[in-house]
Amino acid sequence: YNSTIKVSFMGGSPQVIKPMMPMTTYIVAEYHDTSKLPNEVYYDPSTTMEVTGRVESRNGGTRDYPITNLRMTGQPGVWELKIDLRNDLNLDDSRQSKDFLREVSKVKLTANFIDPRGDRASADILFLSHYSPLNNHIKVTTSTTNGRVGEYIVFHIESNFFMEAFQYMVMSKGMILTTGIE
């Protein structure tokens, strides 16, 4: 391994995006051997993580994703990027804006890391739009950061449509642990 800096998006590329719903992705800066950079590099005020990109629609329209300077999370070397295309692209509630969001086909983002010495590293990610004929989307996330066997875990269910109930199934190692309706 060489001693240059590597930047990567967690989860690999491509990933799925639901353009009508906000999402979060994480970016990591480290050495190529996956060891952390010195804390002085991470916390130096001149260290920056900048994100730029392009949003493309099925009908051929494109928009530039605004240049965003990120702040590091509580974890050294990890930056959080919250993506909300409606707000990020300054879209209003007009029919034209909603149509653009419905027709988004992909989002290409580039993360650029610059350390105090001026060394640079970058990474790209491609988000492909999830297709739903009725434009109904559901998202499941968790706020539990350190789950342990035998303890409860909290799941958050979000949707952009009304649901009277939803069914769930929890599996582990190919075995169904529990099912239910909420």
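Since this is a predicted model, take the numbers as computed values, not measurements. Side chains included, hydrogens not; waters and symmetry mates left out as well; all remaining heavy atoms used.
Among all heavy-atom pairs drawn from Ala123 and Phe9, the shortest one is O-CE1, 3.5 Å. Between Asn160 and Met21, the shortest heavy-atom distance links the atoms N-CE, 4.4 Å. Taking each heavy atom of Tyr42 and Ala29 in turn, the nearest pair found is OH-O, 2.7 Å. Across all non-hydrogen atoms, the minimal contact from Thr47 to Pro116 is OG1-CD, 3.2 Å.
Rounded to the nearest 0.5 Å, atoms CD1 (Ile5) and OG (Ser122) are 12.0 Å apart. With values rounded to the nearest 0.5 angstrom, Leu37 atom CG is found 5.0 Å from Tyr31 atom OH. Taken from CZ in Arg102 to CZ in Arg58, the straight-line distance is 11.5 Å, to the nearest 0.5 Å. To the nearest 0.5 Å, atoms CZ (Arg63) and CG (Asp88) are separated by 12.0 Å.
Of the possible polar contacts, none joining the Asp64 side chain to the Pro66 backbone as a donor-acceptor pair under 3.5 Å is found. Checked by atom type and distance alone, the side chain of Arg71 never pairs as donor or acceptor with a backbone atom of Met49 at under 3.5 Å. One N or O on the side chain of Gln15 and one on the backbone of Met10 form a donor-acceptor pair closer than 3.5 Å. Judged by distance alone, the side chain of Thr73 and the main-chain N or O of Val78 form a donor-acceptor pair under 3.5 Å.
Glu56 pairs by the side chain to side chain contact (heavy atoms under 4.5 Å, CB included) definition with Arg54, Thr62, Ser105, Lys106, Lys108, not counting sequence neighbours.
Other residues, nucleotides and ligands place no more than 12 heavy atoms under 6.0 Å from the CD1 atom of Ile67. Within a 6.0 Å sphere centred on CE of Met175, heavy atoms belonging to other residues, nucleotides or ligands number 12 at most. Counting non-hydrogen atoms of neighbouring residues, nucleotides and ligands closer than 6.0 angstrom, the OH atom of Tyr152 reaches no more than 12 such neighbours. Counting non-hydrogen atoms of other residues, nucleotides and ligands closer than 6.0 Å to CD of Gln96 gives a total of 12 or fewer.
Salt-bridge check for Asp92 with Arg86: failed, with every basic side-chain N at 4.0 Å or more from each acidic carboxylate O. Look at Glu158 and Lys139 and you find a salt bridge, because one of the NZ, NE, NH1 or NH2 atoms lies within 4.0 Å of a carboxylate O, short of that distance.
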Checklist entry - Lys6 and Glu30: salt bridge (charged side-chain N to carboxylate O under 4.0 Å, His left out), yes or no, with the steps? => result CA-CA 5 Å; Lys6 173 181 82 167; Glu30 58 196 357; 3.6 Å; yes
Item to check | side-chain hydrogen bond (donor to acceptor under 3.5 Å, both in side chains) between His156 and Ser143, worked out | outcome: CA-CA 8 Å; His156 305 276; Ser143 57; 2.9 Å; yes
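Sorted by first and then second residue, the pairs that involve residues 113-129 and meet salt bridge (Lys or Arg N to Asp or Glu O under 4.0 Å), not counting sequence neighbours, are Asp115-Arg117, Arg117-Asp119. Applying the ring pair (Phe, Tyr, Trp, His ring centres under 6.0 Å) rule to pairs touching residues 160-182 yields nothing, sequence neighbours excluded.
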